[in-house]
Chemist: 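The following block contains the structure, expressed as structure tokens.
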Amino acid sequence: MAFFRDLVEVADRVTQVASRKEKIRLLAEFLEKLSPEEVPIAARFLAGEVFPEYDTKELGVGYSSLKQAYSVVRHASILPIAVQPLTITEVYRTLERIAGATGEGSKNKKIKLLQSLLSRMEQREIDFLLRVLFGEVRIGASKGLLLEAASKIANVPISDVLHAYMVLSDVGDVLLMAREKPSMLGRAELNLFHPVKPMLADMAYSVEELFQEHGAPLYLEYKYDGIRLQIHIDSGRVEVFSRRLNRITEFVPDVVEKVLGNVKAEKAILDGEALAVVDGKPVAFQDLLKRVRRKREREKFFRELPFQLHLFDVIYINGRTLVKETYSSRRSILQEIVTSDELLAKMKIVYEKEEAENFYKEALSENHEGVMSKRASSFYKPGIRGSDWLKLKSYDTIDCVIIAAEWGHGRRSGWLSNYHLGVLDEESGKFLSVGKTFKGLSDAEFEEMTKKLLQLKTREEGYTVYVKPEIVVEVDYSEIQRSKRYPSGFALRFARIRRIRFDKSPDEATTLGELRRRYLQKMQNKELDEEEG
DNA sequence: TTCCGACAGTGGGGTCGCAAT
DNA sequence: ATTGCGACCCCACTATCGGAA
């Protein structure tokens, strides 16, 4: 039986050391000593999780509830003198009770339970638990290093551990298997209706890069701006899972119907993307979101925003796991079992740069995000982001003025790290915010930017420092969205700073009118009429 | 010896459901 | 009826360590 404070102790030590090997050693050493019941719980806590990733349990406790619970405990200045330290299991059981509270009065009940937990803890334990509940333990180790620790404990290659992670989809369960049945790690079989972590893609910035990385011919696919779906089929039963492994079958009846009608396979696990299409055109992502997880007026939204399905991979078929088959052979199998081409992601094998450019342009002209390039000889690597899959997306650039900045956290503390981006509203002569970004600057640039911004400071409220609008930054973004949050009426999606333009003055920045013009241009004729009307 | 792949950390906007107000 | 919170869709980018080249 281990105490929660032992876990905190090891987390602190892991934080202290910079070496990853040493972090792994410390984690393995600790997890080896725990009881089988404690192992998965401790492993998840260290990864900033409470429940398994495939689990539907929700804590329903976030920043606000934590703050509320913590403020009461902090002011309660009664130090527990002879209180028995909490065990790891006791902490977990209370968190389960917090997750279990629903309905009227549940919020207060959750906070009460949280208070009871915190009141039995030392400051160090409180700090750690809060970080677990935020999902940001910040010990310089997370799932990746925990899986390395599993490999060390079980004394098997990391590839066996990754195989088990694919099957189990949870670090806690993997660590338990490493402890109890290490020889099973490399041999476990995929289970239908237990979701697998989807394979992810790295960014690419040009067609040349795709050729350089993957070589000719390229296997290109359209990249759709929708939601990732993993579809499990077994004898007419279909279940659908999201990228984060949530079961969302009841939200996608149209997808289920398409699969039942067009996939010839007794058992299969398919990978694809769904997007909402109206009048033959994909709707903006923010509109597609309206029907994801919707309950109210469900039928209406499902009808008005019908999903189109584009399958691009198959990782299991009729008892055979295909992750160790090449992408090109998986794609062939997929094409054999899917009877309608409409259900496939559009794909083309190209040999020349120009063909690739044309395919990319074609995808963009149909209002899709861009293209994916997939290495033909590559295996399916669940949960791994690597260069086997590359995404090439389009983006635009504008010049914004920094109108405020927020103090950073963690390794960014002491720096102004998050910048409010403004564009000039010609009518009022004021700079209006179109969103924030914390991406694109190097440490040295944060340092310099912080100094410059503090010189321009007009006032400070909480974490936010307001400044005279003088510094211009070139900002890349992937889409202009309608916004209720910002008075400008627009927000940039995926905004990041390309470079700082100390050479430019604020009056050279992009105007709101220009932004509006770009937004309307992207909206095709039909939507444009609605906006004007 | 240098290079580069995988990880961890830092945070973005929008949307819904739900409990509290 | 409205508001605020929490969960979950979509993520991009830089620094770092340690094995690959």
Side-chain angles (χ1 to χ4, degrees), chain A residues 17-24 47-48 56 58-68 101-110 133 135-148 158 200-203 224-229 242-246 248 251 273-275 284-298 301 369 381 384-388 391 393 395 406 408-413 415 417-421 434-446 476-486 490-498:
Chain A
V17 299
S19 160
R20 282 178 194 161
K21 291 181 87 172
E22 183 60 11
K23 284 176 192 280
I24 292 163
T56 52
E58 287 179 5
L59 269 178
V61 164
Y63 178 78
S64 180
S65 312
L66 290 174
K67 206 170 129 187
Q68 204 179 324
T102 55
E104 216 178 304
S106 63
K107 204 118 197 167
N108 292 333
K109 191 175 172 193
K110 285 173 194 285
L133 299 182
E136 297 170 354
V137 285
R138 303 205 256 222
I139 58 172
S142 192
K143 279 165 210 160
L145 299 199
L146 281 162
L147 293 174
E148 293 280 355
I158 187 69
L200 306 169
D202 251 355
M203 287 279 273
Y224 303 96
D225 188 15
I227 60 166
R228 186 83 175 262
L229 298 181
S242 70
R243 177 160 126 60
R244 303 281 265 274
L245 313 185
N246 289 299
I248 54 168
F251 300 104
E273 185 93 1
L275 72 164
F285 184 76
Q286 65 182 156
D287 292 322
L288 174 151
L289 270 183
K290 289 178 181 164
R291 64 155 286 183
V292 179
R293 303 173 73 234
R294 173 171 282 276
K295 293 188 177 176
R296 269 177 32 251
E297 299 182 284
R298 186 183 277 194
F301 276 82
E369 250 189 328
K381 296 175 185 151
I384 302 283
R385 188 184 297 285
S387 60
D388 285 342
K391 54 183 163 185
K393 296 166 57 167
Y395 60 87
E406 291 167 30
H409 300 86
R411 69 186 302 282
R412 300 252 186 111
S413 16
W415 290 337
S417 145
N418 190 8
Y419 306 116
H420 297 215
L421 305 168
V434 291
K436 299 187 257 185
T437 185
F438 56 93
K439 292 193 277 264
L441 267 53
S442 65
D443 286 3
E445 287 172 318
F446 277 122
D476 289 346
Y477 63 90
S478 54
E479 190 185 5
I480 300 166
Q481 302 181 112
R482 303 182 311 274
S483 176
K484 286 176 189 160
R485 176 185 312 210
Y486 294 109
F490 295 106
L492 303 178
R493 186 169 176 213
F494 306 145
R496 62 271 192 186
I497 295 175
R498 167 64 49 193

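Letters A, B, ... are given to chains in the order of the sequence lines, protein chains preceding strands, and every chain is numbered from 1. Since the model is a prediction, treat every value here as computed from it, not as a measurement.
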Chemist: In this structure, how many angstroms lie between the P atom of C:dA12 and the CG atom of A:Leu492, rounded?
Modeler: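 That distance rounds to 15 Å.
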
Chemist: Looking at every heavy atom in both A:Leu229 and A:Ala274, which two are closest together, and how far apart are they?
Modeler: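 Here A:Leu229 and A:Ala274 meet closest at CD1-CB, 3.5 Å.
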
Chemist: Tell me what A:Ser64 touches on the nucleic acid: a base, only sugar-phosphate, or nothing, going by heavy atoms under 4.0 Å.
Modeler: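 A:Ser64: backbone/sugar contact only, no base atoms under 4.0 Å.
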
Chemist: Within 45 degrees of the ring normal and closer than 6.0 Å to the centroid, is that where the cationic atom of A:Arg412 sits relative to A:Phe438?
Modeler: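 Checked: cation-pi criterion not met.
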
Chemist: Looking at every strand, decide which applies to A:Lys381 at a 4.0 Å heavy-atom threshold: base, sugar-phosphate, or nothing.
Modeler: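 Answer is nothing: A:Lys381 stays at 4.0 Å or more from every strand.
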
Chemist: Applying a 4.0 Å non-hydrogen cut-off, can you work out what A:Asn108 is touching in the nucleic acid: base, sugar-phosphate, or nothing?
Modeler: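 Answer is sugar-phosphate: A:Asn108 comes under 4.0 Å of backbone atoms only.
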
Chemist: For A:Asp225 and B:dG13, give me the distance from atom CG to atom P, rounded to whole Å.
Modeler: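 Rounding to the nearest Å, CG of A:Asp225 and P of B:dG13 are 17 Å apart.
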
Chemist: Establish, with yes or no, whether the OP1 or OP2 oxygen of B:dG17 is under 4.0 angstrom from a side-chain nitrogen or oxygen of A:Arg296.
Modeler: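 Result: yes.
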
Chemist: I want to check one thing: is the phosphate of B:dG9, taken as OP1 and OP2, less than 4.0 Å away from some side-chain N or O of A:Arg411?
Modeler: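 No.
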
Chemist: Give a yes/no answer on whether the side chain of A:Arg138 brings an N or O atom under 4.0 Å of OP1 or OP2 in B:dT10.
Modeler: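 Yes, within the criterion.
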
Chemist: A:Arg138 versus A:His409: any side-chain heavy-atom pair under 4.5 Å?
Modeler: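 A side-chain contact exists here, since the closest heavy-atom pair is under 4.5 Å.
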
Chemist: Of all the choices, C:dT14, B:dG17, B:dG12, which nucleotide is nearest to the side chain of A:Arg294 once you look at every atom?
Modeler: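 Out of C:dT14, B:dG17, B:dG12, the nucleotide with an atom closest to A:Arg294's side chain is B:dG17.
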
Chemist: Taking only side-chain N and O atoms of A:Lys391, does any of them lie within less than 4.0 angstrom of OP1 or OP2 on C:dA12?
Modeler: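 Looking at the OP1 and OP2 atoms of C:dA12, one of them is under 4.0 Å from a side-chain N or O of A:Lys391.
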
Chemist: Is the shortest side-chain heavy-atom distance between A:Arg298 and A:Phe251 below 4.5 Å?
Modeler: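 The answer is yes, as the side chains (C-beta and beyond) meet within the 4.5 Å cut-off.
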
Chemist: The side chain of A:Glu58 lies closest to which of these nucleotides: B:dT10, B:dA19, C:dA7?
Modeler: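 Looking only at heavy atoms from C-beta outward on A:Glu58, the closest nucleotide is C:dA7.
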
Chemist: At what distance, to the nearest 0.5 angstrom, does OG1 of A:Thr56 lie from CD of A:Glu58?
Modeler: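 Reported value, rounded in 0.5 Å steps: 8.0 Å.
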
Chemist: For B:dG12 and A:Lys436 - does any side-chain N or O of the residue sit under 4.0 Å from the phosphate oxygens OP1/OP2?
Modeler: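 Answer yes for this pair, as a side-chain N or O of A:Lys436 is under 4.0 Å from OP1 or OP2.
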
Chemist: Could you tell me whether the phosphate oxygens of C:dA12, OP1 or OP2, come under 4.0 Å of any side-chain nitrogen or oxygen in A:Ser478?
Modeler: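 Checking C:dA12 against A:Ser478, no side-chain N or O comes under 4.0 Å of OP1 or OP2.
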
Chemist: NA contact type, A:Ser242, heavy-atom cut-off 4.0 Å: base, sugar-phosphate, or nothing?
Modeler: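 Here A:Ser242 touches the backbone only, sparing every base.
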
Chemist: Can you name the nearest heavy-atom pair linking A:Glu273 to A:Tyr224, along with the distance?
Modeler: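 Here A:Glu273 and A:Tyr224 meet closest at OE2-O, 3.2 Å.
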
Chemist: Respond yes when some side-chain nitrogen or oxygen of A:Lys295 is under 4.0 Å from OP1 or OP2 of B:dC18, and no when none is.
Modeler: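 Yes.
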
Chemist: So, is A:Tyr63 near the phosphate of C:dC5, with a side-chain N or O under 4.0 Å from OP1 or OP2?
Modeler: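 The answer is no; no side-chain N or O of A:Tyr63 sits under 4.0 Å from OP1 or OP2.
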
Chemist: With no angle test and no hydrogens, is the base of C:dT16 tied to the side chain of A:Arg20 by a donor-acceptor pair under 3.5 Å?
Modeler: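 Pair found.
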
Chemist: Establish, with yes or no, whether the OP1 or OP2 oxygen of C:dC8 is under 4.0 angstrom from a side-chain nitrogen or oxygen of A:Arg243.
Modeler: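 Indeed not, no polar side-chain atom of A:Arg243 lies that close.
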
Chemist: Which part of the nucleic acid, if any, lies within reach of A:Asn246 when heavy atoms closer than 4.0 Å are counted: base, sugar-phosphate only, or nothing?
Modeler: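 Sugar-phosphate only.
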
Chemist: Is there a side-chain contact between A:His409 and the phosphate of B:dG9, meaning an N or O under 4.0 Å from OP1 or OP2?
Modeler: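 False: A:His409 side-chain N/O out of range (4.0 Å or more) of B:dG9 OP1/OP2.
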
Chemist: Ignoring the backbone of A:Lys107, work out which of B:dT15, C:dC5, B:dG13 is nearest its side chain.
Modeler: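 The listed nucleotide nearest to A:Lys107's side chain is C:dC5.
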
Chemist: So, is A:Lys393 near the phosphate of C:dA12, with a side-chain N or O under 4.0 Å from OP1 or OP2?
Modeler: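 Yes, within the criterion.
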
Chemist: Is any side-chain nitrogen or oxygen of A:Gln481 closer than 4.0 Å to OP1 or OP2 of B:dG13?
Modeler: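 Negative; the distance criterion is not met.
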
Chemist: Any base atoms under 4.0 Å from A:Asp476, or only sugar-phosphate, or nothing? Heavy atoms, all strands.
Modeler: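 Nothing: the residue A:Asp476, judged by heavy atoms under 4.0 Å, touches no strand.
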
Chemist: Could you tell me whether A:Leu145 contacts a base, only the sugar-phosphate backbone, or nothing, with contacts defined as non-hydrogen atoms closer than 4.0 Å?
Modeler: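 Here A:Leu145 touches the backbone only, sparing every base.
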
Chemist: Angle between the two end axes of the helix from B:dA8-C:dT14 to B:dT21-C:dA1, five base pairs per end, rounded to 10 degrees?
Modeler: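 About 20° separates the two local helix axes.
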
Chemist: Would you say A:Ser483 places a side-chain N or O within less than 4.0 Å of OP1 or OP2 belonging to B:dG14?
Modeler: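 A:Ser483 to B:dG14 OP1/OP2: side-chain N or O found under 4.0 Å.
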
Chemist: I want to check one thing: is the phosphate of C:dG19, taken as OP1 and OP2, less than 4.0 Å away from some side-chain N or O of A:Lys21?
Modeler: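 Yes, within the criterion.
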
Chemist: Looking at C:dA7, C:dA12, B:dG11, which one has an atom nearest to any side-chain atom of A:Asn418?
Modeler: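 Out of C:dA7, C:dA12, B:dG11, the nucleotide with an atom closest to A:Asn418's side chain is B:dG11.
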
Chemist: What's the spacing between A:Leu200 CG and A:Arg243 CZ if we round to 0.5 Å?
Modeler: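 If we round to the nearest 0.5 Å, A:Leu200:CG and A:Arg243:CZ are 5.0 Å apart.
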
Chemist: Taking any heavy-atom pair under 4.0 Å as a contact, classify A:Ala491: base, sugar-phosphate, or nothing.
Modeler: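 Sugar-phosphate, backbone atoms only, no base.
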
Chemist: Quick one: label A:Ile139 by what it contacts on the DNA or RNA (base, sugar-phosphate, nothing), any heavy atom closer than 4.0 Å.
Modeler: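 Sugar-phosphate only.
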
Chemist: Could you please name the option among B:dG13, B:dT15, C:dG6 that lies closest to any side-chain atom of A:Ser65?
Modeler: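 Closest of the options to the side chain of A:Ser65: C:dG6.
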
